[in-house]
Q: 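Have a look at this one.
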Amino acid sequence: MSNLKMKEAALIYLDRSGGLQKFIDDCKYYNDSKQSYAVYRFKILINPSDVVELDAELGNHILHQPLKAAEVFQSVCFIAVKTLSLIGQLQTETQINIVLKLTHLPPLPSYGLDLCEFPLDYTSQRFYMMQGIVIAMTTVTKYTQGARFLCSDEACPLSKGFQYIRVHVPGATESATIRNDFLCNLCASSLQEDRKFRVLGDKQIVEIIATKALHAFQGHSNNQPFRFQSVTIFLRDESVNKMNIGNEYKIIGIPTCVKASQTAVCIEANSITFCNSKVPSGISDNFRCLLSLTSSSCWKFTAILANIFASQITPPGTYNLLKLCLLMSLVQTTDRNKELEDCLDILILTSDTLLIDRLLNFSINLVPRGIRHLVSTEIFPTLSRNKYGTGAVSIQAGSALLAKGGICFIGDLASHKKDKLEQLQSVLESRNITVYIPGKKFGEDIDQQMTFPVQCSFWSFVDMDSSSRRNAQKINTLIGQMDCSLIPANLVEAFGLLINCNESSPCHPFLPTVQHTLKKAINPEGLLYAASRQFTTEDFEKLLAFAKNLNVEFSLEAERMTHGYYLASRRIRTDSICGSKLSASALKYLVFLSEAHARLNLRNKVLKEDVLIAALLFETSLTLKYDGKKTDTEPGATVFCVAPNAVFPFELYNEEYLEQRDLYLTQCQQQLEQFIATYGPGTTIFSSDE
């Protein structure tokens, strides 16, 4: 009686949810087909909440005994087919393969599977929900979805018909569906497969890690040991190719047969949902107050941010140019499911690699996808043999794909081999990576290739004080210039920003850094400055999370100034022999820099003041890249007359120095407009009055 009641409830649910009409439409497709089928597969969408309201027992079966629940729906569907004469060829109930697709699970702890928590209760064959990031995936292979078997004894009544039908169930291996040791229930003779009725489906294997396991890739040094384990997800049929490396998903599935001897946990996926991060509601009160106090200027707020940023690592007022660029790169990251095209890659020239390493490592931990690449691992995807023996090739993510939407900090460029640097240059230029899969090596008939978008910003530095570089470095008397001959020129060009943080540069004050280091050695956990207490790391995290989700657009003035500066710069760096020295990506980087400065100011509109900061940063970077290589026919980067410390010409001690900086930047803006008017033909510069 209980079983009959559940069947009635299943029929009522199908009717109310529209599932019955979809089932009838699917039956019509099978009935109209000229092909003969041994197995008829039907997907039924299940909302557990609606089912529990209708019939608690059926809802309990769906959540905790899904295989038995599928049998209930199988019986209901078979009766419907026979009663309504939907499929003329259907003979037995076992020919119907029901796949229940759940919309969600109850938001209760017992339905979550978290490998970072103990004890692990994943042995029961029921639905669990897990959230994680894809770190590896295989190519698509085939599996047996269903098969027909016949008794080998021709005199046996079961040597014909569709009595012996085997279908794949969650958690089953290929050998559970196809084997040669099945016996007839009637005469005990061996069963033989009727191969012409074998039904094949698509299968893909994906590995994910729990989101909190990303801490292992972010360079944390709190001396807290922890473990994490990847989870293997089996995707089948319509779920194949629904997951991408680097993305975060919620997966509802059933754990497969996990033996005590196995170290990996496997889940048969039922449904997949992409995870979008929540957009923060605002910023801290301290930053809101600071924004209000600096509202009269388009430059003060970001100047103060750069001045006080990372005061745990370096004293306020030091490395302001670098810290501003880091903040601008951080606000160009994204947590949403969109292509990250506005990346800001940064290459730093420094003689203090330890401090720069600490500063960059601190910065990447302010965003969810800040990944510190380890030299012992790979930056880009690699191939390996699938450990489950399915014949598929496993593609491992690498640091760059794992940092999707964020920052990939690859450390010192000198630590990477020449072929890796060439690969990095190619990725920086094209923003994608192609993985070639040799068929012969992995048991395939043909070679394959897969292309993955690389949607992260790259940070790196070059140690200019190492013995080899110090001995080889050329003497250069031009202020703000640096010899970059030891770095491949094309690789330097591929980075959007080149920043000089050497002792000879204005952004490297020596004494405050020494004092800071000594104080930190005495009191490692202490907050040495008022800025550290007033604007905490959590405040900066909230600020960046809010700023990077702002949608910005260019004002008409800003757009004209950007194009005008690009055309003028292109013109002065063009000669009749070599053509333009300005790369095709220059305009793109100018746009990204302008947008980043506007976001950091928490504005939705890009103003010409933002374009000025972008132009100054870009011009400073060009000076480092090209000035040592000028020819008589090539005007240098100094036509615009940008000083190496143009963005921060004064040390920011108080309001008076901020005012002086604003006056200086206003003069720079006038010079930029004059530069555009002189060297940018066809460009009109509008004054504020006009």
Q: Just wondering, are more than 12 heavy atoms of other shown residues or ligands nearer than 6.0 Å to CG in L108?
A: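 For L108, atom CG is crowded (more than 12 foreign heavy atoms under 6.0 Å).
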Q: Tell me the closest heavy-atom pair linking A269 and I251, and the distance in Å.
A: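 Closest pair (atom of A269, atom of I251, distance): CB-CG2, 4.0 Å.
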Q: Is a side-chain donor or acceptor of S75 paired with a backbone partner of V72 at a separation under 3.5 angstrom?
A: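 Pair absent, no side-chain N/O of S75 close to backbone of V72.
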Q: Rounded to the nearest 0.5 Å, how far does CG of L102 lie from CG of L63?
A: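 One finds 6.5 Å between CG of L63 and CG of L102.
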Q: What closest approach, in Å, do L186 and C156 show between heavy atoms, and which atom pair accounts for it?
A: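 Nearest heavy atoms, L186 then C156: CD2-SG, 3.8 Å.
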Q: Kindly give the heavy-atom pair with the smallest separation between L67 and P170, and that separation in Å.
A: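 Where L67 meets P170 most closely, the heavy atoms are CD2-CD, 3.8 Å.
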Q: So, D153 side chain and S189 main chain: donor-acceptor pair closer than 3.5 Å or not?
A: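 Here the side-chain-to-backbone pair does not exist.
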Q: Once rounded to the nearest 0.5 Å, what's the spacing between atom OG of S399 and atom CD1 of I407?
A: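 Answer for the OG-CD1 pair, S399 versus I407, is 13.5 Å.
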Q: Y111 ring centre to R126 NZ or CZ under 6.0 Å, with the angle to the axis within 45°?
A: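 Yes, R126 lies over the aromatic ring of Y111.
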Q: Are D419 and K417 ion-paired here, with the side-chain N under 4.0 Å from a carboxylate O?
A: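 Not counted as a salt bridge, because no side-chain N and carboxylate O are separated by less than 4.0 Å.
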Q: Quick one, K548 and L330 - any side-chain contact, counting heavy atoms below 4.5 Å?
A: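 Contact flag for K548/L330 side chains = no.
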Q: Under a 3.5 Å distance rule, please check whether N549 uses its side chain to pair with a backbone N or O of A545 as donor and acceptor.
A: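 Such a contact is found between N549 side chain and A545 backbone.
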Q: For side-chain contact (heavy atoms from CB on, under 4.5 Å), just list the numbers for F149 and I165, CA-CA rounded to whole Å, side-chain angles, deciding distance to a tenth of an Å, and then say yes or no.
A: CA-CA 6 Å; F149 285 83; I165 300 294; over 6 Å; no
Q: With respect to F42, which candidate in Y37, F73, Y30, Y29 satisfies the ring-ring contact (aromatic ring centres under 6.0 Å, His included) definition?
A: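 Result for ring-ring contact (aromatic ring centres under 6.0 Å, His included) with F42: Y30.
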Q: Would Q192 and L150 count as a side-chain contact (heavy atoms from CB on, under 4.5 Å) if you check the C-alpha gap in whole Å, the side-chain angles of each, and the deciding distance to 0.1 Å?
A: CA-CA 5 Å; Q192 293 180 342; L150 299 172; 5.8 Å; no
Q: Is a side-chain N or O of Q95 found less than 3.5 angstrom from the main chain of A38, in a donor-acceptor match?
A: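 Present.
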Q: Would you sort out whether D50 and V52 count as a side-chain contact (heavy atoms from CB on, under 4.5 Å), showing the intermediate values?
A: CA-CA 6 Å; D50 293 344; V52 169; over 6 Å; no
Q: Hey, are E207 and S230 close enough side-chain-wise for a donor-acceptor pair under 3.5 Å?
A: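 A pair is found: one side chain offers a donor N or O, the other an acceptor, under 3.5 Å apart.
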Q: Assess, by modelled atom type and distance only, whether the side chains of E268 and H168 contain a donor and an acceptor separated by less than 3.5 Å.
A: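 Yes.
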Q: Are K404 and E248 close enough for a salt bridge, meaning some N to O gap below 4.0 Å?
A: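 Result for this pair is no, no salt bridge flagged.
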Q: Applying side chain to side chain donor-acceptor pair (under 3.5 Å) to T451 and Q449, what does each step give before you reach the verdict?
A: CA-CA 7 Å; T451 300; Q449 69 178 44; 4.8 Å; no
Q: Considering the options D32, D25, N31, which one meets the side chain to side chain donor-acceptor pair (under 3.5 Å) requirement together with K28?
A: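 Passing option: D32.
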Q: Would you name the heavy atoms of P381 and V435 that are closest together and state the gap between them?
A: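 So the two residues come closest at CB-CG2, 3.7 Å.
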Q: Treating Q125 as the side-chain partner and P255 as the backbone partner, does any N or O pair qualify as donor plus acceptor under 3.5 Å?
A: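 Flag set: sc Q125 to bb P255 pair under 3.5 Å.
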Q: So do T139 and I437 actually touch side chain to side chain, heavy atoms under 4.5 Å?
A: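 Contact flag for I437/T139 side chains = yes.
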Q: Indicate the atoms forming the closest heavy-atom contact of G132 with T211, along with that distance.
A: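 Minimum heavy-atom contact is CA-OG1, 4.1 Å.
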Q: Any salt bridge between E193 and R148, counting N to O under 4.0 Å?
A: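 The answer is no: the pair does not qualify as a salt bridge.
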Q: Using the benzene-type ring in the case of Trp, are the ring centres of H373 and F380 under 6.0 Å apart?
A: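 When the ring centroids of H373 and F380 are compared, they turn out to be at least 6.0 Å apart.
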Q: Do H104 and S49 have a side chain donor and acceptor closer than 3.5 Å?
A: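 There is such a pair between these side chains.
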Q: First locate atom CG of L401, then atom CD1 of I433, and finally report the distance between them rounded to the nearest 0.5 Å.
A: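 One finds 8.0 Å between CG of L401 and CD1 of I433.
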Q: Counting C-beta onward and ignoring hydrogens, is there a side-chain heavy-atom pair between V199 and T144 closer than 4.5 Å?
A: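 Counting from C-beta outward, V199 and T144 never come under 4.5 Å.
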Q: Is K43 paired with D237 through a side-chain N to carboxylate O contact shorter than 4.0 Å?
A: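 Between K43 and D237 there is no salt bridge, as every charged N stays at least 4.0 Å from the carboxylate O atoms.
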Q: Please give me the minimum heavy-atom distance between L90 and K82, naming the atom from each residue.
A: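 Taking L90 first and K82 second, the nearest heavy atoms are O-NZ, 2.7 Å.
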Q: Assess whether a salt bridge exists between R236 and D202, defined as any Lys/Arg side-chain N lying under 4.0 Å from an Asp/Glu carboxylate O.
A: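 Answer for the salt bridge query: no.
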Q: So if I apply the side-chain contact (heavy atoms from CB on, under 4.5 Å) rule between T377 and each of I379, L374, V375, which one comes out positive?
A: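 It is L374; the other options fail the test.
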Q: So, the side chain of Q204 versus the backbone of T138: is there a donor-acceptor pair under 3.5 Å, distance only?
A: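 Yes, Q204 side chain to T138 backbone: donor-acceptor pair under 3.5 Å.
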Q: Examine the side chains of Q425 and E429 and answer whether a donor and an acceptor come within less than 3.5 Å of each other.
A: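 Per modelled atom types, Q425 and E429 side chains form a pair under 3.5 Å.
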Q: Quick one: are Y436 and L383 in side-chain contact, heavy atoms under 4.5 Å?
A: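 Y436 does not reach L383 side chain to side chain.
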Q: Run the side-chain contact (heavy atoms from CB on, under 4.5 Å) check on L45 and N47 step by step: do they pass?
A: CA-CA 7 Å; L45 190 65; N47 185 319; over 6 Å; no
Q: What I'd like to find out is whether the side chain of L54 reaches to under 4.5 Å of the side chain of R16, using heavy atoms alone.
A: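 Yes, side chains in contact.
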Q: Using 0.5 Å steps for rounding, measure from the OH atom of Y40 to the CG atom of D26.
A: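 It comes to 13.0 Å.
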Q: Determine whether the side chains of N247 and Y249 contain a donor N or O and an acceptor N or O closer than 3.5 Å.
A: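 Per modelled atom types, N247 and Y249 side chains form a pair under 3.5 Å.
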Q: Determine whether K101 and N270 satisfy the following criterion, side chain to side chain donor-acceptor pair (under 3.5 Å), listing intermediate values before the conclusion.
A: CA-CA 6 Å; K101 291 286 185 180; N270 180 269; 5.4 Å; no
Q: Quick check against the 3.5 Å criterion: does K242 have a side-chain atom that pairs as donor or acceptor with the backbone of E238?
A: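 Side chain of K242 to backbone of E238, a donor-acceptor pair under 3.5 Å: yes, one is there.
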Q: Has the side chain of T83 got a donor or acceptor atom that lies under 3.5 Å from a matching backbone atom of A80?
A: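 No, the answer is negative, given that no donor and acceptor are paired below the 3.5 Å cut-off.
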Q: Kindly confirm or rule out a cation-pi arrangement of R195 over F197, judged by NZ or CZ under 6.0 Å from the six-membered ring centre and within 45° of its axis?
A: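 Cation-pi check for R195 and F197: fails.
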Q: Determine yes or no for a side-chain-to-main-chain donor-acceptor pair under 3.5 angstrom, with Y164 supplying the side chain and N185 the backbone.
A: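 Yes, Y164 side chain to N185 backbone: donor-acceptor pair under 3.5 Å.
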Q: I'd like to know whether K160 forms a salt bridge (Lys or Arg N to Asp or Glu O under 4.0 Å) with E154, so could you lay out the CA-CA distance, the side-chain angles of the two residues, the decisive distance to 0.1 Å, and finally the verdict.
A: CA-CA 8 Å; K160 298 178 182 179; E154 295 182 359; over 6 Å; no
Q: Between atom CD1 of I371 and atom CD1 of I364, what is the distance when rounded to the nearest 0.5 Å?
A: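 That separation rounds to 7.0 Å.
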Q: Looking at F182, does the NZ or CZ of R166 lie under 6.0 angstrom from its six-membered ring centre and within 45 degrees of the ring axis?
A: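 Checked: cation-pi criterion met.
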Q: Just wondering, do F452 and N432 contact through their side chains at under 4.5 Å, heavy atoms?
A: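 No, their side chains stay 4.5 Å or more apart.
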Q: Just by distance, no angles: are the side chains of T141 and K203 close enough, under 3.5 Å, to form a donor-acceptor pair?
A: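 No, because no side-chain N or O of T141 sits under 3.5 Å from a partner of the opposite role on K203.
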Q: Rounded to the nearest 0.5 Å, what separation is found between the CD1 atom of I208 and the CD1 atom of I245?
A: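 I208 atom CD1 to I245 atom CD1 measures 13.5 Å (nearest 0.5 Å).
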Q: Compare all side-chain heavy atoms of F409 with those of S460 and state whether any distance is below 4.5 angstrom.
A: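 F409 vs S460: side chains apart.
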Q: Output yes when a side-chain donor or acceptor of S430 lies under 3.5 Å from a complementary backbone atom of S426, and no otherwise.
A: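 Flag set: sc S430 to bb S426 pair under 3.5 Å.
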Q: When you compare the side chain of D181 with that of S190, does any pair of heavy atoms fall below 4.5 Å?
A: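 They are not in side-chain contact.
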